[in-house]
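Only this structure's heavy atoms are used, side chains among them; waters, hydrogens and symmetry mates stay out. Just so it is clear: chains get the letters A, B, ... in the order the sequence lines come, proteins before strands, and each one is counted from 1.
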Protein chains: 2
Amino acid sequence: MTRMHYTRDNMAGLLRSHDINPTHQRIEIAHALFSRQEHLSADQVMAIVNTRHSETSKATVYNTLKLFLEKGLVREVIVDPSKVFFDPNTSPHHHLYEVDSGKLSDIDAEHVQISGLPPLPAGMVTEGIDLIIRVRKA
Amino acid sequence: MTRMHYTRDNMAGLLRSHDINPTHQRIEIAHALFSRQEHLSADQVMAIVNTRHSETSKATVYNTLKLFLEKGLVREVIVDPSKVFFDPNTSPHHHLYEVDSGKLSDIDAEHVQISGLPPLPAGMVTEGIDLIIRVRKA
DNA sequence: TCTGGATATTAGACAAAGTCCAGATTGGCG
DNA sequence: CGCCAATCTGGACTTTGTCTAATATCCAGA
(Lines give C-alpha, C1' and ligand atoms only; values in the text may rest on other atoms or scores of the structure.)
Protein backbone atom coordinates (compact mmCIF):
# COMPACT_ATOMS: atom_id res chain seq x y z
CA MET A 1 0.00 0.00 0.00
CA THR A 2 1.47 3.31 -1.04
CA ARG A 3 1.88 5.92 1.62
CA MET A 4 -0.63 8.67 1.23
CA HIS A 5 -1.41 12.01 2.74
CA TYR A 6 -4.56 12.19 4.73
CA THR A 7 -5.76 15.47 3.36
CA ARG A 8 -9.38 16.42 3.70
CA ASP A 9 -9.79 15.97 -0.04
CA ASN A 10 -8.53 12.44 0.17
CA MET A 11 -10.90 11.84 3.05
CA ALA A 12 -13.84 12.69 0.79
CA GLY A 13 -12.68 10.06 -1.66
CA LEU A 14 -12.16 7.54 1.10
CA LEU A 15 -15.66 8.12 2.39
CA ARG A 16 -17.19 7.86 -1.06
CA SER A 17 -15.34 4.63 -1.71
CA HIS A 18 -16.98 3.25 1.39
CA ASP A 19 -20.39 4.36 0.29
CA ILE A 20 -20.56 7.24 2.73
CA ASN A 21 -21.84 10.64 1.75
CA PRO A 22 -18.87 12.91 2.49
CA THR A 23 -20.30 15.77 4.49
CA HIS A 24 -18.26 18.46 6.11
CA GLN A 25 -18.50 16.92 9.58
CA ARG A 26 -17.76 13.40 8.40
CA ILE A 27 -14.66 14.61 6.62
CA GLU A 28 -13.42 16.32 9.76
CA ILE A 29 -14.01 13.22 11.86
CA ALA A 30 -12.34 10.93 9.33
CA HIS A 31 -9.44 13.34 9.13
CA ALA A 32 -9.05 13.34 12.90
CA LEU A 33 -8.76 9.56 12.95
CA PHE A 34 -6.76 8.90 9.81
CA SER A 35 -4.28 11.73 9.93
CA ARG A 36 -3.25 10.57 13.38
CA GLN A 37 -3.45 6.83 12.73
CA GLU A 38 -4.24 6.48 16.39
CA HIS A 39 -6.87 4.90 18.56
CA LEU A 40 -9.29 7.58 19.66
CA SER A 41 -12.34 7.55 21.87
CA ALA A 42 -15.50 9.39 20.89
CA ASP A 43 -14.60 12.05 23.44
CA GLN A 44 -11.20 12.57 21.96
CA VAL A 45 -12.61 12.79 18.46
CA MET A 46 -15.05 15.41 19.59
CA ALA A 47 -12.34 17.42 21.30
CA ILE A 48 -10.12 17.35 18.22
CA VAL A 49 -12.85 18.21 15.78
CA ASN A 50 -14.06 21.10 17.88
CA THR A 51 -10.70 22.80 18.35
CA ARG A 52 -10.70 23.43 14.61
CA HIS A 53 -13.12 25.97 13.23
CA SER A 54 -16.38 24.13 12.64
CA GLU A 55 -18.37 22.91 15.59
CA THR A 56 -19.72 19.40 15.55
CA SER A 57 -22.29 18.12 18.00
CA LYS A 58 -21.92 15.14 20.25
CA ALA A 59 -24.77 13.35 18.49
CA THR A 60 -23.07 13.75 15.14
CA VAL A 61 -19.78 12.43 16.44
CA TYR A 62 -21.49 9.32 17.80
CA ASN A 63 -23.65 8.87 14.72
CA THR A 64 -20.69 9.25 12.44
CA LEU A 65 -18.47 6.85 14.32
CA LYS A 66 -21.22 4.27 14.28
CA LEU A 67 -21.67 4.80 10.56
CA PHE A 68 -17.94 4.41 9.92
CA LEU A 69 -18.06 1.19 11.92
CA GLU A 70 -20.94 -0.24 9.89
CA LYS A 71 -19.25 0.69 6.65
CA GLY A 72 -16.02 -0.95 7.71
CA LEU A 73 -14.00 2.21 7.75
CA VAL A 74 -12.90 1.83 11.34
CA ARG A 75 -12.76 -0.89 13.96
CA GLU A 76 -13.98 -0.82 17.51
CA VAL A 77 -11.53 -1.75 20.25
CA ILE A 78 -12.94 -2.67 23.62
CA VAL A 79 -10.19 -2.71 26.22
CA ASP A 80 -11.23 -0.16 28.75
CA PRO A 81 -14.53 -0.70 30.51
CA SER A 82 -15.20 3.01 30.56
CA LYS A 83 -14.83 3.90 26.90
CA VAL A 84 -14.65 2.45 23.42
CA PHE A 85 -11.75 3.22 21.12
CA PHE A 86 -12.02 3.56 17.36
CA ASP A 87 -9.19 2.25 15.26
CA PRO A 88 -8.57 3.55 11.74
CA ASN A 89 -6.46 0.48 11.02
CA THR A 90 -8.79 -2.19 9.70
CA SER A 91 -6.14 -4.62 8.55
CA PRO A 92 -5.89 -7.74 10.72
CA HIS A 93 -4.00 -6.93 13.86
CA HIS A 94 -4.06 -7.31 17.60
CA HIS A 95 -3.55 -4.93 20.47
CA LEU A 96 -1.15 -4.23 23.25
CA TYR A 97 -2.68 -2.36 26.13
CA GLU A 98 -0.61 -0.71 28.82
CA VAL A 99 -2.89 -0.88 31.79
CA ASP A 100 -1.31 1.90 33.85
CA SER A 101 -1.04 4.50 31.13
CA GLY A 102 -3.98 3.47 28.99
CA LYS A 103 -1.70 3.44 25.98
CA LEU A 104 -2.94 1.21 23.18
CA SER A 105 -0.78 0.03 20.31
CA ASP A 106 -1.06 -2.36 17.39
CA ILE A 107 0.45 -5.77 16.96
CA ASP A 108 0.62 -6.85 13.36
CA ALA A 109 -1.27 -10.11 12.96
CA GLU A 110 0.92 -11.33 10.16
CA HIS A 111 3.21 -13.47 12.27
CA VAL A 112 0.80 -14.30 15.05
CA GLN A 113 -0.80 -17.71 14.95
CA ILE A 114 -3.69 -18.88 17.04
CA SER A 115 -4.25 -22.61 16.91
CA GLY A 116 -6.27 -25.23 18.71
CA LEU A 117 -9.49 -23.31 18.91
CA PRO A 118 -12.54 -25.52 19.26
CA PRO A 119 -15.11 -25.55 16.43
CA LEU A 120 -17.72 -22.82 16.50
CA PRO A 121 -21.22 -23.63 17.66
CA ALA A 122 -23.45 -24.75 14.79
CA GLY A 123 -24.85 -21.97 12.63
CA MET A 124 -22.39 -19.40 13.86
CA VAL A 125 -19.76 -17.52 11.93
CA THR A 126 -16.80 -15.63 13.25
CA GLU A 127 -17.29 -11.91 13.23
CA GLY A 128 -13.88 -11.12 14.59
CA ILE A 129 -11.12 -12.26 16.87
CA ASP A 130 -9.83 -9.84 19.44
CA LEU A 131 -6.52 -10.58 21.02
CA ILE A 132 -5.42 -8.15 23.68
CA ILE A 133 -2.14 -8.37 25.53
CA ARG A 134 -2.45 -6.47 28.78
CA VAL A 135 0.87 -5.34 30.16
CA ARG A 136 2.06 -3.22 33.03
CA LYS A 137 5.33 -1.86 34.35
CA ALA A 138 7.41 -4.63 35.93
CA MET B 1 -9.97 -30.32 41.22
CA THR B 2 -12.70 -32.13 43.10
CA ARG B 3 -16.22 -30.98 42.53
CA MET B 4 -17.49 -29.07 45.51
CA HIS B 5 -20.71 -27.57 46.66
CA TYR B 6 -20.78 -23.83 46.74
CA THR B 7 -22.52 -23.52 50.06
CA ARG B 8 -22.38 -20.27 51.93
CA ASP B 9 -20.15 -21.92 54.51
CA ASN B 10 -17.69 -22.92 51.85
CA MET B 11 -17.78 -19.37 50.53
CA ALA B 12 -16.57 -18.10 53.89
CA GLY B 13 -13.59 -20.43 53.65
CA LEU B 14 -12.92 -19.41 50.09
CA LEU B 15 -12.94 -15.76 51.04
CA ARG B 16 -10.67 -16.31 54.02
CA SER B 17 -8.23 -18.27 51.87
CA HIS B 18 -8.02 -15.23 49.63
CA ASP B 19 -7.43 -12.93 52.55
CA ILE B 20 -10.90 -11.43 52.48
CA ASN B 21 -12.91 -10.85 55.62
CA PRO B 22 -16.03 -12.93 55.03
CA THR B 23 -18.88 -10.62 55.83
CA HIS B 24 -22.48 -11.45 55.23
CA GLN B 25 -22.73 -9.40 52.05
CA ARG B 26 -19.47 -10.71 50.63
CA ILE B 27 -20.60 -14.27 51.19
CA GLU B 28 -23.84 -13.60 49.36
CA ILE B 29 -22.05 -12.03 46.43
CA ALA B 30 -19.48 -14.82 46.21
CA HIS B 31 -22.28 -17.34 46.41
CA ALA B 32 -24.13 -15.66 43.56
CA LEU B 33 -21.09 -15.91 41.32
CA PHE B 34 -19.70 -19.29 42.29
CA SER B 35 -22.86 -21.30 42.68
CA ARG B 36 -23.80 -20.35 39.13
CA GLN B 37 -20.32 -20.56 37.62
CA GLU B 38 -21.48 -17.92 35.18
CA HIS B 39 -20.38 -14.55 33.93
CA LEU B 40 -22.39 -11.90 35.70
CA SER B 41 -22.45 -8.14 35.47
CA ALA B 42 -22.57 -5.97 38.59
CA ASP B 43 -26.23 -5.34 37.86
CA GLN B 44 -27.02 -9.01 37.70
CA VAL B 45 -25.15 -9.70 40.91
CA MET B 46 -27.12 -6.99 42.63
CA ALA B 47 -30.42 -8.35 41.35
CA ILE B 48 -29.60 -11.87 42.49
CA VAL B 49 -28.36 -10.85 45.90
CA ASN B 50 -31.38 -8.69 46.55
CA THR B 51 -34.04 -11.24 45.70
CA ARG B 52 -32.86 -13.22 48.72
CA HIS B 53 -33.61 -11.81 52.14
CA SER B 54 -30.81 -9.39 52.94
CA GLU B 55 -30.52 -6.16 51.03
CA THR B 56 -27.16 -5.12 49.70
CA SER B 57 -26.45 -1.65 48.39
CA LYS B 58 -25.10 -0.82 44.98
CA ALA B 59 -21.95 0.64 46.51
CA THR B 60 -21.25 -2.58 48.36
CA VAL B 61 -21.75 -4.69 45.27
CA TYR B 62 -19.27 -2.57 43.34
CA ASN B 63 -16.81 -2.38 46.22
CA THR B 64 -16.97 -6.11 46.75
CA LEU B 65 -16.52 -7.03 43.13
CA LYS B 66 -13.52 -4.74 42.94
CA LEU B 67 -12.12 -6.35 46.07
CA PHE B 68 -12.62 -9.85 44.65
CA LEU B 69 -10.81 -8.71 41.55
CA GLU B 70 -7.82 -7.37 43.45
CA LYS B 71 -7.61 -10.52 45.51
CA GLY B 72 -7.70 -12.70 42.42
CA LEU B 73 -10.98 -14.36 43.25
CA VAL B 74 -12.65 -13.37 40.01
CA ARG B 75 -11.64 -12.12 36.60
CA GLU B 76 -12.95 -9.18 34.66
CA VAL B 77 -14.19 -9.78 31.13
CA ILE B 78 -14.53 -6.78 28.88
CA VAL B 79 -16.51 -7.68 25.79
CA ASP B 80 -19.47 -5.38 25.88
CA PRO B 81 -18.80 -1.66 25.86
CA SER B 82 -21.74 -1.04 28.13
CA LYS B 83 -20.95 -3.33 31.03
CA VAL B 84 -18.21 -5.39 32.60
CA PHE B 85 -18.67 -9.07 33.36
CA PHE B 86 -17.15 -10.86 36.31
CA ASP B 87 -15.94 -14.39 35.82
CA PRO B 88 -15.59 -16.79 38.73
CA ASN B 89 -13.35 -19.00 36.62
CA THR B 90 -9.80 -17.78 37.12
CA SER B 91 -8.07 -20.66 35.40
CA PRO B 92 -6.55 -19.74 32.05
CA HIS B 93 -9.24 -19.63 29.43
CA HIS B 94 -10.61 -17.56 26.61
CA HIS B 95 -14.06 -16.39 25.65
CA LEU B 96 -16.64 -16.88 22.99
CA TYR B 97 -19.04 -14.01 22.67
CA GLU B 98 -22.28 -14.27 20.73
CA VAL B 99 -22.79 -10.73 19.58
CA ASP B 100 -26.53 -10.87 18.95
CA SER B 101 -27.56 -12.58 22.15
CA GLY B 102 -24.83 -11.28 24.43
CA LYS B 103 -24.12 -14.85 25.51
CA LEU B 104 -20.62 -15.35 26.83
CA SER B 105 -18.98 -18.75 27.24
CA ASP B 106 -15.58 -20.13 28.13
CA ILE B 107 -12.99 -21.67 25.87
CA ASP B 108 -10.51 -23.79 27.74
CA ALA B 109 -7.02 -22.46 27.08
CA GLU B 110 -5.40 -25.85 27.40
CA HIS B 111 -5.30 -26.65 23.71
CA VAL B 112 -5.13 -23.13 22.38
CA GLN B 113 -1.72 -21.92 21.29
CA ILE B 114 -0.81 -18.38 20.49
CA SER B 115 2.55 -18.03 18.78
CA GLY B 116 4.54 -15.39 17.01
CA LEU B 117 3.84 -12.54 19.38
CA PRO B 118 6.50 -9.85 19.29
CA PRO B 119 8.60 -9.25 22.43
CA LEU B 120 7.09 -6.99 25.05
CA PRO B 121 8.32 -3.42 25.39
CA ALA B 122 11.25 -3.13 27.80
CA GLY B 123 10.32 -3.07 31.46
CA MET B 124 6.85 -4.44 30.90
CA VAL B 125 5.33 -7.68 32.09
CA THR B 126 2.23 -9.40 30.87
CA GLU B 127 -0.70 -8.95 33.12
CA GLY B 128 -3.04 -11.05 31.07
CA ILE B 129 -3.97 -12.14 27.59
CA ASP B 130 -7.55 -11.78 26.53
CA LEU B 131 -8.67 -13.69 23.51
CA ILE B 132 -12.24 -13.12 22.47
CA ILE B 133 -13.92 -14.85 19.56
CA ARG B 134 -16.87 -12.80 18.45
CA VAL B 135 -19.47 -14.81 16.59
CA ARG B 136 -22.90 -14.22 15.18
CA LYS B 137 -25.65 -16.21 13.53
CA ALA B 138 -24.69 -17.13 9.96
C1' DT C 1 -33.89 29.92 -10.05
C1' DC C 2 -37.25 27.91 -7.05
C1' DT C 3 -39.23 24.01 -4.54
C1' DG C 4 -39.83 19.55 -2.25
C1' DG C 5 -38.16 15.85 -0.11
C1' DA C 6 -34.58 13.10 1.55
C1' DT C 7 -30.55 13.20 4.24
C1' DA C 8 -27.82 15.13 7.89
C1' DT C 9 -27.07 17.93 11.99
C1' DT C 10 -28.27 19.96 16.32
C1' DA C 11 -29.29 21.00 21.40
C1' DG C 12 -30.58 19.20 25.10
C1' DA C 13 -33.17 15.79 27.76
C1' DC C 14 -32.52 11.29 29.08
C1' DA C 15 -30.55 6.56 30.52
C1' DA C 16 -27.30 3.38 32.47
C1' DA C 17 -22.96 2.12 34.63
C1' DG C 18 -20.10 3.21 37.95
C1' DT C 19 -17.90 6.41 41.71
C1' DC C 20 -17.79 8.93 45.86
C1' DC C 21 -18.80 10.52 50.40
C1' DA C 22 -20.26 11.30 55.03
C1' DG C 23 -22.80 9.13 58.30
C1' DA C 24 -24.68 4.71 60.34
C1' DT C 25 -23.83 -0.31 61.47
C1' DT C 26 -21.42 -4.11 62.66
C1' DG C 27 -18.40 -7.19 64.89
C1' DG C 28 -14.47 -8.60 67.56
C1' DC C 29 -12.03 -7.90 71.74
C1' DG C 30 -10.46 -6.20 76.14
C1' DC D 1 -20.43 -3.45 78.23
C1' DG D 2 -18.01 -0.14 75.40
C1' DC D 3 -14.56 0.95 71.90
C1' DC D 4 -12.37 0.99 67.42
C1' DA D 5 -11.72 -0.35 63.00
C1' DA D 6 -13.78 -2.19 59.22
C1' DT D 7 -17.77 -2.33 56.60
C1' DC D 8 -22.07 -0.89 54.67
C1' DT D 9 -25.47 2.48 53.16
C1' DG D 10 -28.38 5.95 50.53
C1' DG D 11 -28.07 9.18 47.56
C1' DA D 12 -25.83 12.67 44.96
C1' DC D 13 -22.80 12.88 41.29
C1' DT D 14 -20.03 11.85 36.86
C1' DT D 15 -19.35 9.91 32.50
C1' DT D 16 -20.45 7.63 28.34
C1' DG D 17 -23.65 7.09 25.21
C1' DT D 18 -28.71 7.33 23.24
C1' DC D 19 -32.88 9.51 21.75
C1' DT D 20 -35.96 12.93 19.87
C1' DA D 21 -38.02 16.60 17.70
C1' DA D 22 -36.82 20.63 15.39
C1' DT D 23 -33.77 22.72 12.02
C1' DA D 24 -30.48 22.93 8.27
C1' DT D 25 -28.45 21.33 4.01
C1' DC D 26 -28.31 19.40 -0.41
C1' DC D 27 -29.77 18.18 -4.79
C1' DA D 28 -32.90 16.86 -8.59
C1' DG D 29 -36.32 18.34 -11.42
C1' DA D 30 -39.77 21.82 -13.10
Mind calculating the distance between [atom1] ([X]) and [atom2] ([N]) to the nearest angstrom?
X	N	atom1	atom2	result
Ile78(B)	dA17(C)	CD1	P	16 Å
Glu70(A)	dA8(C)	CD	P	12 Å
Leu65(B)	dT19(C)	CG	P	10 Å
Ile27(B)	dG27(C)	CD1	P	11 Å
Lys83(B)	dG17(D)	NZ	C1'	14 Å
Glu55(B)	dT25(C)	CD	C1'	16 Å
Asp80(B)	dA17(C)	CG	P	10 Å
Glu28(B)	dT9(D)	CD	P	12 Å

*asked:* Suppose we call a contact any N or O donor and acceptor under 3.5 Å apart; does that hold for the side chain of Lys58(B) and the base of dG18(C)?
replied: yes
*asked:* Nearest heavy atom decides the nucleotide; on that basis, is Ser41(A) or Val61(B) closer to the 5' end of DNA chain D?
replied: Val61(B)
Are the side chains of [X] and [Y] in touch, meaning some heavy atoms are under 4.5 Å apart?
X	Y	value
Leu33(A)	Leu65(A)	yes
Leu117(B)	Leu131(A)	yes
Gln44(B)	Phe85(B)	yes

Please tell me if [X] has a side-chain N or O lying less than 4.0 Å from either OP1 or OP2 of [N].
X	N	answer
Tyr62(A)	dG17(D)	yes
Thr60(B)	dC8(D)	no
Gln25(B)	dT26(C)	no

*asked:* Quick check against the 3.5 Å criterion: does Arg36(A) have a side-chain atom that pairs as donor or acceptor with the backbone of Ala32(A)?
replied: yes
Which nucleotide in the list [options] gets nearest to the side chain of [X]?
X	options	value
Thr56(B)	dT9(D), dT19(C), dT10(C)	dT9(D)
Thr23(B)	dT9(D), dT7(D), dT19(C)	dT7(D)
Asn21(A)	dT16(D), dG17(D), dT7(C)	dT7(C)
Ala59(A)	dA11(C), dA8(C), dT19(C)	dA11(C)

_Name the residue from His94(B), His39(B), Gln37(B) that meets the side-chain hydrogen bond (donor to acceptor under 3.5 Å, both in side chains) definition with Asp106(B)._
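Looking at His94(B), His39(B), Gln37(B), the match for Asp106(B) under the side-chain hydrogen bond (donor to acceptor under 3.5 Å, both in side chains) is His39(B).
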